[in-house]
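Here is how names work: the chains are called A, B, and so on, in the same order as the sequence lines, proteins then strands, and each is numbered from 1. All of these numbers come straight from a predicted model, not from anything done at the bench.
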2 protein chains.
Amino acid sequence: MSEPERRDGGDKGKSTAEKPRLDRQRILEAGAEFIEQFGPRHLTMRRLGTELGVEAMSLYRYIPSRENLLDGIVEVVIDELYKDPEVYPEPRHGWQDYLLRLAHGLRRLALAHPQVFPLIATRPTEAPWVRPPLRSLRWVESFLKALTSAGFSDQAAVDAYRAFSSFLLGHLLLEVAAMGADVGPVDEAEPRPPRSTDLSDYPLLQSLQERLSEDRSEQEFEEALESLLDRLEALQN
Amino acid sequence: MSEPERRDGGDKGKSTAEKPRLDRQRILEAGAEFIEQFGPRHLTMRRLGTELGVEAMSLYRYIPSRENLLDGIVEVVIDELYKDPEVYPEPRHGWQDYLLRLAHGLRRLALAHPQVFPLIATRPTEAPWVRPPLRSLRWVESFLKALTSAGFSDQAAVDAYRAFSSFLLGHLLLEVAAMGADVGPVDEAEPRPPRSTDLSDYPLLQSLQERLSEDRSEQEFEEALESLLDRLEALQN
DNA sequence: ACCTGAACACCGTTCAAGT
DNA sequence: ACCTGAACACCGTTCAAGT
């Protein structure tokens, strides 16, 4: 059986990723990638189609609307949390370890997808009590189980869930914003004018600007997280 | 010189808010109102024009682009903070009182503009260290002055500013989200199907659903705020 | 000086038609 | 079964033209 040339494997040297076939998962992944590259504003059914080597209209066989596309992209991205080996779906070394791992996992996810994260933060969830950035029944269940098993009352577990959510949301949204993420244009041409703000009227800002511009996000995160855990510890019975 | 009738004063009794004249401020206020009514997604140059009794093209005499319109709306809304008599631009009864008033003022503002708040939270600011939800050099200066005057070191004041920002952002974004705000459609027709999620696979959620649906946002806010102040107190020298 | 009509390039989405 | 072409209603934005 000589195989002098395989006829399907040939990549023809096209530089972009090939188009193995259209399906929902592939469209969503391409969408996530597109947003990470150009920002949510530029994601268009037509441009995404082009990206996939297909007419925009073809996407409608797999995705009912642009809104649904965005929701799907958010889902596909947060689903990565399940694949993070550092994050356990149930506590193994106590609830603090569980929460630390979960928090760090979400932070890694946010930093890996700074342009998608604002969508994770602001897209409506399936129920008002399914809060970003967890966004899934499965993780909320996991969270509550971890705490109640550790001796938290039902109410305390719920309170902890809420405090944990808003802590993560605030910190991570600000951290990705500082990376230049936004729901906005990201004008390819001019990557945003240096715009050295006029601080003449703000003496304190002037003298503190350097300090304000330092990136302390990691320390901030760790300290606030630790303080949150202390606070939660007080809720435990 | 008899003046039997003045020719410019007549109001003609039109019922809707009059169109006294087109100007930037009026457009921005109309925009804020529009977003609060229909959601950011529905705000269109053309629809806003119609709302103001004018063709969309006329807006371009005052507003260079839709992006600029959104930024202007955000600005106009946060500027309300200056008009809140409960919020002091400089501390009068100590830094804790100052921070409490500032936090409560921002919460009132968020609750008064639940549809605009996500824009306040996610629109890019003029410098990365000007964080939402304060978003203005003037408030950052005010904040830092309040704390340094109270004996905080420069670094501690900056740390406090960051912690305060992310606390507010997380809490308020989640609170307005629970009110049904989103950067999304708000389909007038169906105000979102009750969508009673299937919880059969999540026993804990099932038994805690009632508790999870309770609105405890005020207590949450107060408790987290108090805990934040405690944390900041530890930074003070 | 201020507003408008017409036009351009681009959207999301539908549907009959092609392969 | 899957993709496309043509079409519709709607955008943001520009600009010459009207009053």
Side-chain angles (χ1 to χ4, degrees), chain A residues 8 16-31 34-35 37-74 119 123-124 182-190, chain B residues 7-8 12 14 16-28 30-31 34-35 37-74 119 123-124 182-190:
Chain A
D8 58 336
T16 59
E18 277 314 302
K19 16 181 159 169
R21 187 143 224 71
L22 217 45
D23 70 61
R24 187 172 163 93
Q25 184 66 17
R26 215 167 74 79
I27 293 171
L28 296 179
E29 282 164 9
F34 188 99
I35 288 180
Q37 228 180 107
F38 304 107
R41 284 306 235 277
H42 289 70
L43 179 60
T44 256
M45 297 302 278
R46 288 170 133 109
R47 289 196 61 176
L48 183 55
T50 310
E51 203 77 0
L52 289 162
V54 100
E55 298 300 313
M57 303 73 195
S58 312
L59 304 178
Y60 286 91
R61 206 147 276 275
Y62 307 93
I63 278 141
S65 70
R66 193 190 122 105
E67 292 301 308
N68 180 280
L69 172 63
L70 293 176
D71 287 337
I73 291 171
V74 164
L119 297 181
R123 289 249 112 204
D182 48 57
V183 185
V186 185
D187 286 307
E188 280 90 325
E190 341 167 26
Chain B
R7 79 156 44 89
D8 59 334
K12 284 295 175 55
K14 282 191 191 157
T16 57
E18 276 315 302
K19 12 182 161 164
R21 188 141 224 71
L22 218 46
D23 70 58
R24 186 172 163 93
Q25 184 67 17
R26 217 168 72 78
I27 294 171
L28 297 179
F34 189 98
I35 288 179
Q37 232 180 102
F38 304 106
R41 284 308 236 275
H42 289 69
L43 179 60
T44 257
M45 298 300 278
R46 289 170 132 109
R47 289 196 62 176
L48 183 55
T50 311
E51 203 77 0
L52 287 162
V54 99
E55 298 299 315
M57 301 77 195
S58 312
L59 304 178
Y60 285 91
R61 205 147 276 274
Y62 308 92
I63 278 139
S65 69
R66 195 190 121 105
E67 291 301 308
N68 180 280
L69 172 63
L70 293 176
D71 287 338
I73 291 172
V74 163
L119 296 181
R123 289 245 112 207
D182 48 56
V183 185
V186 186
D187 287 307
E188 281 89 323
E190 342 166 26

Which whole-number value in Å describes the distance from B:Leu59 CG to C:dT4 C1'?
12 Å
Indicate, with a heavy-atom threshold strictly under 4.0 Å, whether A:Thr44 touches base, sugar-phosphate, or nothing.
sugar-phosphate
Let me know the distance between NE2 of A:His42 and C1' of C:dC11, rounded to the nearest Å.
14 Å
On DNA chain D, compare the nucleotides closest to B:Arg66 and B:Arg61; which residue's is nearer the 5' end?
B:Arg66
Using atom CZ of B:Arg47 as one end and atom P of D:dG12 as the other, report the distance to the nearest whole Å.
11 Å
Would a distance-only check, ignoring hydrogens and angles, find a side-chain to backbone donor-acceptor pair under 3.5 Å from B:Arg66 to B:Met45?
no
Does a side-chain heavy-atom distance below 4.5 Å link A:Glu29 with A:Arg24?
no
Between A:Arg41 (CZ) and D:dC11 (C1'), how many Å, whole number?
13 Å
OP1 or OP2 of D:dT4 sitting under 4.0 Å from any side-chain N/O of A:Ser58?
yes
Quickly work out the A:Arg24 CZ to D:dC2 C1' distance and round it to whole Å.
17 Å
Please determine, for the side chain of B:Tyr62, which listed nucleotide (C:dC2, D:dT14, D:dC3) has the closest atom?
C:dC2
Out of D:dC11, D:dC3, D:dG5, which nucleotide sits closest to the side chain of B:Arg46?
D:dC11
Under a 3.5 Å cut-off on both pairing distances, which runs of 3 or more consecutive Watson-Crick or G-U pairs involve DNA chain D?
C:4-8 with D:12-16, C:12-16 with D:4-8
Atom-pair distance (CG on B:Leu43; P on D:dC11), nearest Å:
10 Å
Just how far is it from atom CZ of A:Arg26 to atom CZ of A:Arg21, taken to the nearest 0.5 Å?
9.5 Å
Is there a side-chain contact between A:Thr50 and A:Thr44, using heavy atoms and a 4.5 Å cut-off?
no
For B:Leu43 versus B:Gly31, what's the shortest heavy-atom pair and its separation?
CD2-O, 4.4 Å
What's B:Met45 touching, base or sugar-phosphate or nothing? Going by heavy atoms closer than 4.0 Å.
sugar-phosphate
Please answer whether the main-chain N or O of B:Leu22 pairs with a side-chain N or O of B:Tyr62 as donor and acceptor at a distance below 3.5 Å.
yes
Indicate yes or no: at least one non-hydrogen side-chain atom of A:Val74 is less than 4.5 angstrom from one of A:Leu70.
no
Interatomic distance, A:Arg26 CZ vs D:dC2 P [rounded to whole Å]:
14 Å
Over how many whole Å does the gap from A:Met57 atom CE to D:dA7 atom P extend?
12 Å
Heavy atoms from C-beta onward define the side chain here; which of D:dG12, C:dT4, D:dC3 lies closest to that of A:Leu22?
D:dC3
